[in-house]
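Have a look at the structure below, then the notes.
No experiment lies behind these values; they were computed from the predicted model shown.
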Amino acid sequence: MSASAQAPKTIDELQAVLRLKEKSQAEALINADPVKEAFRMYMNRCLSASSARRQLPDWKDVDEYLLDKRMSAQARQMGRKLDEIVVEECKNKPYDLLPHATMFALRTMTFLKSQEGEVYDISLDRPTGRWEYVSFDRCKRIMSLLGFLVNQDRDMKAKELRKDQEMQAEMKKNNWI
């Protein structure tokens with residue numbers, strides 16, 4: 001099953017997946033400016049219309065991609081920042097969703113690690129608290145958030161399309177010329 005098919009469809013489901021205490025926190029998170037901006041950039045950077053209909057990459061693929069870029073020669077030897085490398089990859093591969101989903105994840109991770117976003121970053125209650133577990137969990141939750149936002153956008157566009165089709169049908173019916 002794809003990542004967007006597994007994504008939460010309602011605010012209540014999103015709240016549960018993100019482990020937020022209240023529904024209002026989930027609503028506040030999706031309305032937070034850094035998250036809205038990261039999603040706007042994700043949607044604008046995915047240049048083809050068909051990319052909006054394709055399935056999102058799995059969180060494991062995004063995490064593996066991040067690790068590969070983090071360990072790449074560009075990052076280690078040239079001293080480039082991870083987000084610079086991913087931005088360049090996004091420009092070089094405008095129709096590949098993986099770099100764009102990774103960029104969304106990086107921007108959202110930055111927000112969740114900030115003072116403003118830490119209230120939304122509820123990690124697993126692991127006794128060890130190892131960095132890998134926290135990172136995996138955060139990536140999984142971020143991809144669930146992206147899946148939710150993509151599904152909401154698809155639903156909104158489908159409603160707009162139905163409304164336009166109904167209006168056109170009504171105009172044809174009432175047009176006697």
Donor-acceptor contact present, side-chain E118 to main-chain L112, <3.5 Å: no

From K140 atom NZ to D58 atom CG, the distance as rounded to the nearest 0.5 Å: 9.0 Å

Carboxylate-amine/guanidinium contact D155 K159, below 4.0 Å: no

Minimum heavy-atom distance P8-S144, with the two atoms named: CD-O, 3.6 Å

Residue pair P57 / A101: nearest heavy atoms and the distance that separates them: CG-CB, 3.8 Å

Backbone of E27 reached by a side-chain donor or acceptor of N31 within 3.5 Å: yes

From CG (D61) to CE (M143), nearest 0.5 Å: 8.5 Å

Salt bridge flag under 4.0 Å for residues R70 and D63: no

Q165 side chain reached by L161 side chain, heavy atoms, under 4.5 Å: yes

Closest heavy-atom pair and its distance - L97, Q55: CD1-O, 3.6 Å

Joint cluster assignment, M41 & Y95, ILVMFWY side-chain distance < 4.5 Å: no

Flag for E22-S24: side-chain donor and acceptor within less than 3.5 Å: yes

Gap separating the CE atom of M109 from the CG atom of D83, nearest 0.5 angstrom: 12.0 Å

Nearest-0.5 Å distance that lies between atom OG1 in T102 and atom CD1 in I85: 12.5 Å

Ion pair check, E13 and K9, cut-off under 4.0 Å: no

Short side-chain to backbone donor-acceptor contact, Q15 and L20, under 3.5 Å: yes

Full working for side chain to side chain contact (heavy atoms under 4.5 Å, CB included) between E88 and N92: CA-CA 6 Å; E88 184 178 313; N92 292 336; 3.7 Å; yes

4.5 Å side-chain heavy-atom contact, T108 and L146: no

In one Ile/Leu/Val/Met/Phe/Trp/Tyr side-chain cluster, 4.5 Å: V17, I30: no

R107/E37 ion pair, N-O < 4.0 Å: no

Side chain to side chain contact (heavy atoms under 4.5 Å, CB included) evaluation trace for V86 with Y65: CA-CA 9 Å; V86 176; Y65 181 85; 4.3 Å; yes

Atom pair NZ/CG of K69 and L67 - distance to nearest 0.5 Å: 11.5 Å

Closest approach of F111 to A32 (non-hydrogen atoms, all atoms of both residues): CZ-CB, 3.8 Å

Aromatic ring pairing W59/F136, orientation class (parallel under 30°, perpendicular over 60°, tilted between): tilted

L29 vs L14 side-chain heavy atoms within contact, under 4.5 Å: no

Heavy atoms of other groups near M167 CE, more than 12 under 6.0 Å: no

Under 3.5 Å: donor-acceptor pair, side chain of Q25, backbone of K21: yes

Pairwise side-chain contact, L145 with R141, heavy-atom cut-off 4.5 Å (strictly under): no

A28 versus Y120, closest heavy-atom pair with distance: CB-OH, 3.4 Å

Ion pair D121/R138, N-O distance below 4.0 Å: yes

Donor-acceptor under 3.5 Å (R19 side chain, I122 main chain): yes

Criterion side chain to side chain contact (heavy atoms under 4.5 Å, CB included) on Y42 and M103, from CA distance to verdict: CA-CA 8 Å; Y42 169 82; M103 197 68 233; over 6 Å; no

Side chain proximity check, D33 to K36, heavy atoms < 4.5 angstrom: yes

Residue pair D153, F39: steps toward the side chain to side chain contact (heavy atoms under 4.5 Å, CB included) verdict: CA-CA 10 Å; D153 186 66; F39 184 66; 4.1 Å; yes

SG on C139 to CD on E64, rounded to 0.5 Å: 11.0 Å

Shared hydrophobic cluster for I142 and V87 (ILVMFWY, side-chain gaps under 4.5 Å): yes

